[in-house]
Participant: 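Okay, here's the structure, questions in a sec.
To find a chain, count down the sequence lines: A is the first, B the second, and so on, and within it residues start at 1.
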Amino acid sequence: MYKRLTGMQDILPEDQPYWRFVQEKINQVTALYGFQRLDVPILEEAALYVRSVGPGTDIVDKEMYTFTDKGEDEVTLRPEFTAGFMRAYVENHLDKRPQPAKLFSVGPIFRYERPQAGRFRQHTQFNVEALGVEDPAMDFEVMSLAWHFFSLLGFHGLHFQLNSTGCPNCRPRYVEKLKAHYQLHYDQICDNCKRRLVRSPLRVLDCKEDRCQPVIASAPRITDYLCDDCKQHFGQLTHYLDAAQMAYTVNHRLVRGLDYYRKTVFEVWVEGIGAQAAVCGGGRYDGLAQEIGGPPTPGIGFGSGLERVIMAMKAQGVAVPGLPRPQVLLAYLGATAKEKAVPLAVDLRLHDIGVILPFGNRSLKSQMRQANREQVHFVVILGENELAKGVAQVKDLQVHEQFDVPLEDLSAWLSGKLAM
RNA sequence: GUGGCCAUAGCUCAAUCCGGUUAGAGCACCUGGUUGUGGCCCAGGAGGUUGUGGGUUCAAGUCCCAUUGGCCACCCCA
């Protein structure tokens with residue numbers, strides 16, 4: 001038998017109410033903030049992601065699903081949304097429309113990683129991007145949208161992790177300070193951090209090794225080295241967050257993996273879904289458009305992994321409404337009744353009455369058991385006796401009463417009862 | 001890519017340590033208990049080449065090796 005590929009998953013019917021619910025909240029919150037949907041292809045030129053995400057990042061170096069297609073083109077299954085958004089923004093001249101462009105999307109992304117709790121090779125992301133505006137009020141609006149989204153989903157005790165990673169003007173100066181600090185304590189840090197120091201120095205701040213903790217604690221903080229522009233931007237953003245009473249922690253250790261982030265970076269963490277606790281992560285990427293050959297365009301956005309979101313909802317006991325089910329089961333007894341029942345089921349559905357028709361000529365008892373299992377409200381019983389009289393018996397399973405209803409009145413009768 | 005744990009019915013698990021008839025239970029499913037009436041209850045039924053391959057042994061679900069898959073953690077990320 002064939003099996004799912006590693007890190008891929010099926011979404012079974014019993015999980016669909018969660019997905020439906022989350023999609024509804026996405027539609028609701030994006031409409032509220034005036035964000036419009038933009039869908040981009042799942043497949044793009046490999047070079048787009050290499051340029052935007054950055055050579056040297058794990059995503060590019062070892063996690064992309066890249067292959068050569070039949071036309072000899074190097075293509076990549078999208079490992080994130082932002083690059084494709086920027087490409088589409090420039091290619092479709094959205095930069096010529098009134099700014100900002102406030103956009104969102106929902107769809108699968110792919111990364112070749114080892115699966116673990118809350119991590120899959122294919123996962124679904126809700127992605128939000130606001131392009132064309134540098135104003136920290138835009139950062140706030142995007143974060144606010146994320147906050148609002150999780151509130152609508154039923155989460156409590158929300159809390160942002162927040163930091164600024166500076167910009168090309170001030171970050172290099174900080175990185176030098178950081179490296180100098182680490183050189184002083186070089187014999188105390190783990191091997192991994194020695195490597196990170198060369199490849200992506202900021203990441204040492206994120207190390208979980210016990211031996212590295214004292215070095216991290218005494219390390220210089222980037223917020224102390226921001227240039228005036230970055231400092232002011234960060235100050236404005238925190239001012240807006242304070243005013244809106246959205247809880248946040250300035251986390252000096254929060255450094256996100258993608259090269260393109262500038263200034264604002266933030267995450268939302270939840271408990272109860274394992275080590276991969278971030279259900280939302282994003283930041284500002286003002287240099288990205290130029291990087292891929294477009295006009296200078298500031299941008300701020302986030303991605304939220306919906307599998308993790310749904311895991312967190314389950315962990316926190318968030319209830320979601322069930323999907324609508326038929327409220328009528330049409331039971332029949334014998335071949336003649338079945339001849340009548342099959343088209344009758346269709347007729348009732350044309351009257352907007354959901355009907356389950358049992359299959360396999362089973363006993364009435366068996367059909368009643370099915371009705372109970374399916375939790376229908378009414379069972380319509382059609383047998384020889386009823387046909388002779390031109391009626392159906394209708395049993396109300398909730399009040400345990402049974403009525404004779406003339407066949408020509410059946411749809412109206414049921415509609416009336418179901419509307420109550 | 002690295003490390004740890006695990007693999008028995010559709011699901012959750014027992015029998016594995018210390019090898020020994022026909023691998024069990026609960027839930028779910030099907031049938032019956034009413035000529036044609038659900039939920040509870042009762043009776044019965046179906047469902048397994050014990051992940052796969054090899055080895056040791058008179059004998060392997062059980063011991064050994066390999067392999068595949070899963071889970072969890074690291075790396076990194078949503």
Side-chain angles (χ1 to χ4, degrees), chain A residues 1-9 12 14 53 56-63 79-82 106-128 146 190-193 195-196 199-200 203 206-209 254-258 261 265-270 273-283 301-312 329 331-334 337 358 360 362-387 393-402:
Chain A
M1 235 347 248
Y2 292 109
K3 302 189 69 177
R4 263 172 292 161
L5 258 25
T6 297
M8 306 284 166
Q9 35 179 13
L12 299 177
E14 53 266 36
V53 177
T57 58
D58 277 15
I59 289 182
V60 168
D61 285 358
K62 48 187 202 192
E63 294 177 1
E80 58 119 40
F81 266 103
T82 306
V106 183
I109 76 169
F110 300 83
R111 286 179 205 163
Y112 193 88
E113 301 178 276
R114 282 285 286 271
Q116 70 183 76
R119 164 174 303 153
F120 314 95
R121 288 184 176 175
Q122 175 183 340
H123 80 274
T124 312
Q125 243 182 58
F126 167 37
N127 199 260
V128 171
C190 69
D191 291 346
N192 220 325
C193 278
R195 269 195 301 279
R196 283 194 267 241
R199 293 191 59 181
S200 50
R203 299 220 61 85
D206 204 24
C207 185
K208 294 176 191 84
E209 288 279 338
L254 183 70
V255 289
R256 298 181 48 75
L258 279 45
Y261 284 116
V265 291
F266 67 96
E267 293 187 354
V268 176
W269 296 347
V270 296
I273 61 171
Q276 307 307 317
V279 291
C280 173
F302 70 80
S304 179
L306 299 185
E307 284 79 2
R308 285 187 191 172
V309 168
I310 287 170
M311 277 193 286
L329 182 138
Y332 54 86
L333 288 151
R362 292 178 299 124
S363 68
L364 182 58
K365 182 193 196 76
S366 168
Q367 295 181 68
M368 291 298 294
R369 279 181 171 161
Q370 180 181 353
N372 187 63
R373 186 173 54 233
E374 310 258 19
Q375 295 184 48
V376 298
H377 192 158
F378 296 100
V379 177
V380 174
I381 303 168
L382 216 53
E384 305 294 335
N385 301 342
E386 289 75 17
L387 287 180
Q393 291 199 54
V394 182
K395 181 163 187 175
D396 184 328
L397 294 187
Q398 291 178 2
V399 298
H400 319 287
E401 285 178 40
Q402 195 159 319

Participant: For a quick check, tell me whether the side chain of A:Arg362 and the base of B:rU31 share a donor-acceptor pair closer than 3.5 Å.
Facilitator: no
Participant: Can you tell which of B:rC74, B:rA78, B:rG36 lies closest to the side chain of A:Lys208?
Facilitator: B:rC74
Participant: Would you mind classifying the nucleic acid contact of A:Asp206 as base, sugar-phosphate or nothing, using non-hydrogen atoms under 4.0 angstrom?
Facilitator: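 The residue A:Asp206 makes no contact with any strand.
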Participant: Would you say A:Thr6 reaches B:rG70's phosphate, i.e. side-chain N/O to OP1/OP2 under 4.0 Å?
Facilitator: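 So the side-chain polar atoms of A:Thr6 do come within 4.0 Å of the phosphate oxygens OP1 or OP2 of B:rG70, strictly under.
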Participant: Is A:Ser366 near enough to B:rU31 that one of its side-chain N or O atoms lies under 4.0 angstrom from OP1 or OP2?
Facilitator: yes
Participant: Is the distance from OP1 or OP2 of B:rG69 to the nearest side-chain N or O of A:Arg4 less than 4.0 Å?
Facilitator: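 No, because none of the side-chain N or O atoms of A:Arg4 sits under 4.0 Å from OP1 or OP2 of B:rG69.
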Participant: Would you say B:rG32 has OP1 or OP2 under 4.0 Å from some side-chain N or O of A:Lys365?
Facilitator: no
Participant: Students often get this wrong, so: under 4.0 angstrom with heavy atoms, is A:Gln276 touching a base, only sugar-phosphate, or nothing?
Facilitator: base
Participant: Between the base of B:rG36 and the side chain of A:Glu386, is there any donor-acceptor pair under 3.5 Å?
Facilitator: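 Present.
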Participant: Test the A:Arg121-A:Phe110 pair against the cation-pi criterion, namely NZ or CZ under 6.0 angstrom from the six-membered ring centroid and within 45° of the ring axis.
Facilitator: no
Participant: Is any N or O donor-acceptor pair between the side chain of A:Arg369 and the base of B:rG33 shorter than 3.5 Å?
Facilitator: yes
Participant: Under a 3.5 Å cut-off for both contacts, is B:rU56 paired Watson-Crick or G-U wobble with anything, and if yes, with which nucleotide?
Facilitator: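 Pairing partner: none.
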Participant: Would you indicate what A:Phe302 reaches in the nucleic acid, counting non-hydrogen atoms under 4.0 angstrom: base, sugar-phosphate, or nothing?
Facilitator: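 Answer is nothing: A:Phe302 stays at 4.0 Å or more from every strand.
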Participant: Please work out if A:Gly118 contacts a base, only the sugar-phosphate, or nothing of the nucleic acid, heavy-atom cut-off 4.0 Å.
Facilitator: base
Participant: Quick one: is A:Gln116 getting a side-chain N or O under 4.0 Å of the B:rA73 phosphate, OP1 or OP2?
Facilitator: yes
Participant: Give A:Arg196 one of three labels, base, sugar-phosphate or nothing, depending on what nucleic acid heavy atoms sit under 4.0 Å from its own.
Facilitator: sugar-phosphate
Participant: Is there a donor on the side chain of A:Arg114 or the base of B:rG3 sitting less than 3.5 Å from an acceptor on the other?
Facilitator: yes
Participant: Is the distance from OP1 or OP2 of B:rG32 to the nearest side-chain N or O of A:Ser363 less than 4.0 Å?
Facilitator: yes
Participant: When both hydrogen-bonding distances must be under 3.5 Å and the geometry is Watson-Crick or G-U wobble, what is B:rA25 paired with, if anything?
Facilitator: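 Partner of B:rA25: B:rU12.
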